[in-house]
Peer 1: 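Could you have a look at this structure, given as structure tokens, before my questions?
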Amino acid sequence: MSEEMSEATASSAKGTGMSEFFMAVPAEKGIDTPEPKTARLSWKGSGASEGQSIAYDCTAGHLDVRADTGKLLGKMFSLTYVAADTPDAGPSRPVTFCYNGGPGCASVPINFGGIGPRRVKTDGVSHLAFPIEVEDNPYTLLRQSDLVFLDALGTGWSSVAEDADTSKIFGVDGDADAFCRAITTWLEENGRWTSPVYLFGESYGTVRNSVLMRFLGERGVKVAGVTMLSAIFDWVQTLEGEDLYHLGMMPTMAAAAQFFGKAGQGVDEDEWFDRAMDWCEDVMAPALLRGDRLDPEREAEVAAQMSEFLGLSAEHIQRCHLRITLDDFRQSILADEGKVCGRLDMRFSSDAPVAVQGSSAWFAAEDAADDAVESSWTSAFRAFVHDELGYRGPARYLTSNYEQVGTKWKWEHQEPGKDWPSSAPNVAYDIAVAMRRNPTMKLCIMGGRYDAATTFWNVAHDMSCQFLSAELKGQVEWHRYGCGHMAYVDVPTLERMGRDMEEFYK
């Protein structure tokens, strides 16, 4: 899923063990994986893509991830869709490498939820029920590009070699390095070195994108464009108590308060979000910076204004000294209804847990936005590869492996141009370096108003601090939607994304 980047270590309760999945096979003998399977399939457009059709070859298999010495580090599962009858089919056609994040999540959501040729039909902010309905995706990115969905090592059906050092794989730099090696393997095996190369990452996948777009350039792969969906660049913004955390959360909470009818009545949703963005910079930021040096009367004034945005009492906000945490808001905004709202998409809600279930880490991982859709995506994916491709993977598919990957993640990152690694990485520096080196590369940043996992204000702030030239800023486009973290759950957003991607690839 996109169960990414909650505050601190939110997703621990949903982690799944995978010790049995690390294949006990000597590295020199490789890893025992199923034979690749390919099938010729077809996609037929509907709605906005009415009248379009694409025949495509779909291949399920594994890519070797090898060190420069040739030593096998692991095998990365890939699901590839290559158009067979389009005018640009072949080496001239773009190829996009796609993935989710976590860290510790496989690529099924971005595929069967969003941009692949098949998608599970969603139902607004309701939990999906049986039957699981799968349709040809009218807005699939296959219309513009061949697609390669990759599962990070240790997730999905991607395996790590028995004697590989996971401390060098499960981390910001090691993960990007592994993806770089898998991508070059795919380009070599498929003879696609002259194809325009694109990257599409969601959530932690945007951290991966940021480092990967630099790594690929350093290793001779020219990147044409990068899409950042539900982005996070600076790790500090995830830490409660940090000013950047509270500034980023404020507009997103204001959007949720408006959605639930607690604030902003009669105001256009985008206008409301813009007002909240401006207020958090002009009023909230100076107040937070003063800490307990802020005059109590001024604090009360700011709390009263904040109450108008968040739908919480001014007294509650002042008791917290203007620092409302995400857990607090999720538990408070619908408390009179006995409900809590979601994190990945705050529009979703569920019954509140009982009082004895007081674990903050557990609560942060209990998310109606995730519960509503993820198992349906995984079931649709398993049925597709089994029934239509005839691919027989292990019975266990690790959609999320937080326990063995996320908890061991090495956050230290060697930011370009700095002498010492950072334990709280800001990969916006990697983006800026990659763009300065390759000024023809395009960057598309997409986010949703209701996404409390990777908040929109922080991304805008992070990029503004790179001080790109006007020319490089012209290579960056921004899209803000009325959705949450998994933007494609929302059909109106999916339709807009489809149009925006079409223009981006043109």
Side-chain angles (χ1 to χ4, degrees), residues 4-5 7-9 65 67-69 71 73 101-103 152-153 164-184 199 201 203-223 226 228 231-245 247-248 285 289 405-441 443 445 454 457-473 475-476:
E4 358 278 52
M5 314 296 303
E7 32 208 68
T9 56
V65 179
D68 291 344
T69 61
K71 178 182 177 180
L73 303 175
L153 293 180
D165 184 353
T166 57
S167 70
K168 295 181 179 179
I169 296 173
F170 297 161
V172 176
D173 293 346
D175 170 82
D177 176 73
F179 271 83
C180 188
R181 295 175 188 278
I183 287 171
T184 53
L199 307 176
S203 196
Y204 182 83
T206 64
V207 177
R208 179 180 297 135
N209 266 353
S210 304
V211 183
L212 184 55
M213 62 198 283
R214 177 170 67 86
F215 278 11
L216 285 169
E218 291 171 352
R219 301 180 195 186
V221 179
K222 191 173 183 66
V223 177
V226 180
M228 307 283 198
I232 178 168
F233 299 146
D234 186 0
W235 177 246
V236 169
Q237 74 186 57
T238 70
L239 305 177
E240 290 180 1
E242 293 289 341
D243 291 344
L244 290 177
Y245 167 93
L247 291 170
L289 287 172
V405 178
T407 59
K408 298 178 180 178
W409 202 255
K410 185 177 181 181
W411 287 104
E412 186 175 83
H413 171 50
Q414 183 63 60
E415 295 170 354
K418 296 189 177 183
D419 291 329
W420 306 105
S422 171
S423 58
N426 183 349
V427 296
Y429 295 113
D430 297 80
I431 297 171
V433 167
M435 294 188 70
R436 291 182 184 116
R437 291 172 175 173
N438 179 8
T440 66
M441 179 168 49
L443 180 64
I445 300 175
T454 55
W457 179 88
N458 290 103
V459 179
H461 170 263
D462 295 340
M463 289 302 296
S464 70
C465 293
Q466 297 309 305
F467 300 96
L468 298 176
S469 66
E471 291 77 14
L472 288 183
K473 277 188 175 182
Q475 295 294 98
V476 183

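Every value quoted in this text rests on a predicted model; they were computed, and no experiment measured them.
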Peer 1: Could you go step by step and tell me if Tyr245 and Leu239 meet the side chain to side chain contact (heavy atoms under 4.5 Å, CB included) rule?
Peer 2: CA-CA 6 Å; Tyr245 167 93; Leu239 305 177; 5.7 Å; no
Peer 1: Does Gln237 use its side chain to pair, donor to acceptor, with the backbone of Leu244 at less than 3.5 Å?
Peer 2: no
Peer 1: Lys222 vs Thr440, test: side chain to side chain contact (heavy atoms under 4.5 Å, CB included). Steps then yes/no.
Peer 2: CA-CA 10 Å; Lys222 191 173 183 66; Thr440 66; 3.7 Å; yes
Peer 1: Can you tell me which residue among Val427, Asp462, Val459, Thr238 is in a side chain to side chain contact (heavy atoms under 4.5 Å, CB included) with Ile232?
Peer 2: Thr238
Peer 1: Hey, does the side chain of Glu415 reach the backbone of Asp430 with a donor-acceptor pair shorter than 3.5 angstrom?
Peer 2: no
Peer 1: Who pairs with Phe179 by ring pair (Phe, Tyr, Trp, His ring centres under 6.0 Å), at least two apart in sequence or on another chain?
Peer 2: Tyr99
Peer 1: To the nearest 0.5 angstrom, please state how far the CE atom of Met213 sits from the CE atom of Met435.
Peer 2: 6.5 Å
Peer 1: Taking only residues two or more places apart in sequence, or in another chain, which ones meet Ser469 in a side-chain contact (heavy atoms from CB on, under 4.5 Å)?
Peer 2: Glu471, Leu472
Peer 1: If we check side chain to side chain contact (heavy atoms under 4.5 Å, CB included) with Met228, which of these qualifies: Val476, Val207, Thr206?
Peer 2: Thr206
Peer 1: Taking the side chain from Asn438 and the backbone from Val223, do they hold a donor-acceptor pair closer than 3.5 Å?
Peer 2: yes
Peer 1: Would you compute the distance between atom CE of Met463 and atom CD1 of Ile445 and round it to the nearest 0.5 angstrom?
Peer 2: 4.5 Å
Peer 1: Does Gln475 form a side chain to side chain contact (heavy atoms under 4.5 Å, CB included) with Met441? I'd like the steps, not just the answer.
Peer 2: CA-CA 7 Å; Gln475 295 294 98; Met441 179 168 49; 5.7 Å; no
Peer 1: Could I get the full list of side-chain contact (heavy atoms from CB on, under 4.5 Å) partners for Ser423, not counting sequence neighbours?
Peer 2: none
Peer 1: I need the minimum non-hydrogen distance between Pro416 and Val433, along with the two atoms involved.
Peer 2: CG-CG2, 3.7 Å
Peer 1: May I ask you to check whether Asp234 and His461 show a side-chain donor-acceptor distance below 3.5 Å?
Peer 2: no
Peer 1: Taking all non-hydrogen atoms of both residues into account, name the closest pair between Ala231 and Thr454 and its distance.
Peer 2: O-CB, 3.2 Å
Peer 1: Going from CG on Asp177 to CD1 on Ile169, what distance comes out if it is rounded to the nearest 0.5 angstrom?
Peer 2: 9.0 Å
Peer 1: Kindly give the heavy-atom pair with the smallest separation between Ala152 and Arg208, and that separation in Å.
Peer 2: CB-NH2, 3.8 Å
Peer 1: Give me the atom names and distance for the closest heavy-atom approach of Ala178 to Leu153.
Peer 2: CB-CD1, 4.1 Å
Peer 1: Which heavy-atom pair separates Ala176 from Val211 by the least distance, and what is that distance?
Peer 2: CB-CG1, 3.6 Å
Peer 1: Where do Arg219 and Asp68 land on the salt bridge (Lys or Arg N to Asp or Glu O under 4.0 Å) test, with the steps shown first?
Peer 2: CA-CA 12 Å; Arg219 301 180 195 186; Asp68 291 344; 6.0 Å; no
Peer 1: Just verifying a value: how many Å separate Cys180 SG and Asp173 CG, rounded to the nearest 0.5 Å?
Peer 2: 12.0 Å
Peer 1: Taking it one step at a time, do Tyr429 and Gln466 satisfy side chain to side chain contact (heavy atoms under 4.5 Å, CB included)?
Peer 2: CA-CA 7 Å; Tyr429 295 113; Gln466 297 309 305; 3.4 Å; yes
Peer 1: Which heavy-atom pair separates Glu412 from Val172 by the least distance, and what is that distance?
Peer 2: O-CB, 4.2 Å
Peer 1: Rounded to the nearest 0.5 Å, how far apart are CD1 of Ile431 and CG of Leu468?
Peer 2: 9.0 Å
Peer 1: Would you call the rings of Tyr204 and Trp409 parallel, tilted or perpendicular, taking 30° and 60° as the class edges?
Peer 2: perpendicular
Peer 1: What is the distance from atom CG of Asn209 to atom CZ of Arg214, rounded to the nearest 0.5 Å?
Peer 2: 13.5 Å
